[in-house]
2 protein chains.
Amino acid sequence: MTDWEDLHHFITLAREGTLSAAARSLGVDHATVARRVAALEESTGLKLVDRRSRATSLTADGKRIAEVAIPMEEAAFAVGRAAQATKPGLDGDVTISAPPNFASSVIAPQLVRLRSQHPGIRIKLIGEKRRASLGRREADVALRLMRPVEAGLFVRKLGSFGFSLYGSPAYLEKTAPHALAFIGYDASMATSPQEVWLRGIIGEREVVLRTNDLETQVAAARSGLGVAALPHYLGDSDPGLKRFAVAQKPLSRDVWLAVHRDLRQVPAVRAVMEFLANCLRS
Amino acid sequence: MTDWEDLHHFITLAREGTLSAAARSLGVDHATVARRVAALEESTGLKLVDRRSRATSLTADGKRIAEVAIPMEEAAFAVGRAAQATKPGLDGDVTISAPPNFASSVIAPQLVRLRSQHPGIRIKLIGEKRRASLGRREADVALRLMRPVEAGLFVRKLGSFGFSLYGSPAYLEKTAPHALAFIGYDASMATSPQEVWLRGIIGEREVVLRTNDLETQVAAARSGLGVAALPHYLGDSDPGLKRFAVAQKPLSRDVWLAVHRDLRQVPAVRAVMEFLANCLRS
DNA sequence: CCTTCAATGTGAGATTTTGCACAATGACCG
DNA sequence: CGGTCATTGTGCAAAATCTCACATTGAAGG
């Protein structure tokens, strides 16, 4: 009988593409992944990967085996969720995934409230551009700005927030509307709703800074470099920024909460969901 | 992340019921099973088994987790089958399961023919009362006397064979029909078709030997103890036995061949299936 | 063409895991 | 009621596995 942990390593390698990435994902040394995959090849009698010095690639047989093994990984995650779901009471670890600035600006400041209500819950808050996978248990609860479409999730719309143009009061006073300079996202965000909305406002005017990082936009706008399209929860609370009204239809983005169905009834998870809903209400 | 091999040990324990049985099934020491299950309990934070000194029983949580983990085991078997199915050519190991006397009397004598036709195939022939599970890959190909009903199997009727009464020529000559002594199965086989058939013949006459083992019946009949209901392939080829005709409708049993769908197209398996079909024809 | 860098390969020491042997438990059976 | 037997618990030595460190490879960018 083949060692299931060998299969685990192989599946991770198949997904991650390199020994090193798989090793990072599994929290082991890359040599371990290499040896376990070799052991699986030994026990199946099949050559599963082509080892090249810069990257590994699956052989045709390896692809076929990986395909069949995917349900096994899904089952493993289901076991993990079942284990968490059977934990009674309001103790436990709950991982929240949210857009980075949302995590730091909206959620983090209110965590102290959750902490006082439910002292047994330990929160892990990850703000990442890359959407954490709930199916793979990279997070227990996720806040998203698009409606999640993954299977097996319970999804709920928590609310919405608006965007406006913001600049420093001094800058807005001294600058004529047609001469406004703009701060926008870089190419990686070109298709995001706020960037599209902003482009419609800019027209022929100048974009003086493009950055991926919202905090940088805030800092630049605050310093008087130009105006930026910022969420109200950021701009309105900043004394160094003032809204600049525009004719265009205001932009509003919905906030969605997603949780795996298997975890929805876990007390600690429910408490966190409730907390997040309250965060949005304020 | 929990070690998948721990899950493997736990699932096996859940199915086998005792640490020792699980250890035998996995081919490891019982202490290893105990330790790996303990590790799983540690990593999930749940108490999964009640350890008692005579047997272990799953806790409610353990049952729930085991339930969820079953698909994982099925997926693991699917991987194993996929690995075997990917093997090209006519080399490889093929395990055949068959009724014990069928294996020794019909199949084994002809294996040399298979061997000469396909030298690359290594056969493992297990004759067990307990039906080997094809889904669990305890065997690749099975011969059964009842139509298999498990899901996922490819089933084909290979043929049938008849039963008659046999005794030693000397015994049959000197014994009047109403005085015949009979050799039959013991209580464990009381409901088998051949035992039921035999009972209808015996009537009020005497049963002088009951045994589970067909070879023992043959030896006893050959020695002149009485008559036994034997398959033709056993009785007709034995110079020390002679048929004793009866008025009752002759008994015939069908022989079924079963193979998992995933393995049906494997060249080595196909060759074995063909060989078994030929065995039945003669 | 050269530098850089992340990836893979390889050996040795350290850690972990395993098997073994023996003890203890408690159910079954006469 | 006592013997028997399969099962589980435990400590220790052996074996297997993992990590670490370093060497090597080859693609990407200047």
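Just so you know, these numbers come straight off a predicted model, no measurement behind them. Naming convention: chains lettered A, B, ... in sequence-line order (proteins, then strands); numbering from 1 in each chain. As a basis for the values below, the full set of heavy atoms in this structure was taken, side chains included, without hydrogen atoms, waters or symmetry mates.
- An OP1 or OP2 oxygen of C:dT17 is reached within less than 4.0 angstrom by no side-chain nitrogen or oxygen of B:Thr32.
- Across all strands shown, A:Ser20 has heavy atoms under 4.0 Å from base atoms, whether or not it also approaches the sugar-phosphate.
- DNA chain C lies under 4.0 Å from at least one heavy atom of each of the following residues of residues 10-19 of chain A: A:Thr18, A:Leu19.
- Nucleic acid contact class of A:Ala31 (heavy atoms, under 4.0 Å, all strands): base.
- Side-chain N/O atoms of A:Arg35 and base N/O atoms of D:dT19 include a donor-acceptor pair closer than 3.5 Å.
- Listed nucleotides C:dT18, C:dT8, D:dG9 differ in distance to A:Thr56; the shortest reach to its side chain belongs to C:dT8.
- Checking C:dA7, C:dG19, D:dT8 against every side-chain atom of A:Arg24, the shortest atom distance belongs to C:dA7.
- Under the rule for a ring-ring contact (aromatic ring centres under 6.0 Å, His included), the partners of A:His8 that lie at least two apart in sequence or sit in another chain are B:Trp4.
- Salt-bridge formation is not detected for the pair A:Arg24/A:Glu16: no Lys NZ or Arg NE/NH1/NH2 atom is positioned less than 4.0 Å from an Asp or Glu carboxylate oxygen.
- C:dT8 has its base stacked against the ring of A:His30, the centroids being under 5.5 angstrom apart at an interplanar angle below 30°.
- In terms of modelled atom types and a separation under 3.5 Å, the side chain of A:Arg122 and the main chain of A:Gly92 share no donor-acceptor contact.
- For B:Asp50, the salt bridge (Lys or Arg N to Asp or Glu O under 4.0 Å) criterion is met by B:Lys47, not counting sequence neighbours.
- With a 6.0 Å radius and a threshold of 12 heavy atoms from other residues, nucleotides or ligands, A:Glu150 has its CD atom above the threshold.
- OP1 or OP2 of C:dG9 has not a single side-chain nitrogen or oxygen of A:Arg52 nearer than 4.0 Å.
- Annotation for A:Glu42: atom CD does not count as buried by contact number, only 12 or fewer foreign heavy atoms lying within 6.0 Å.
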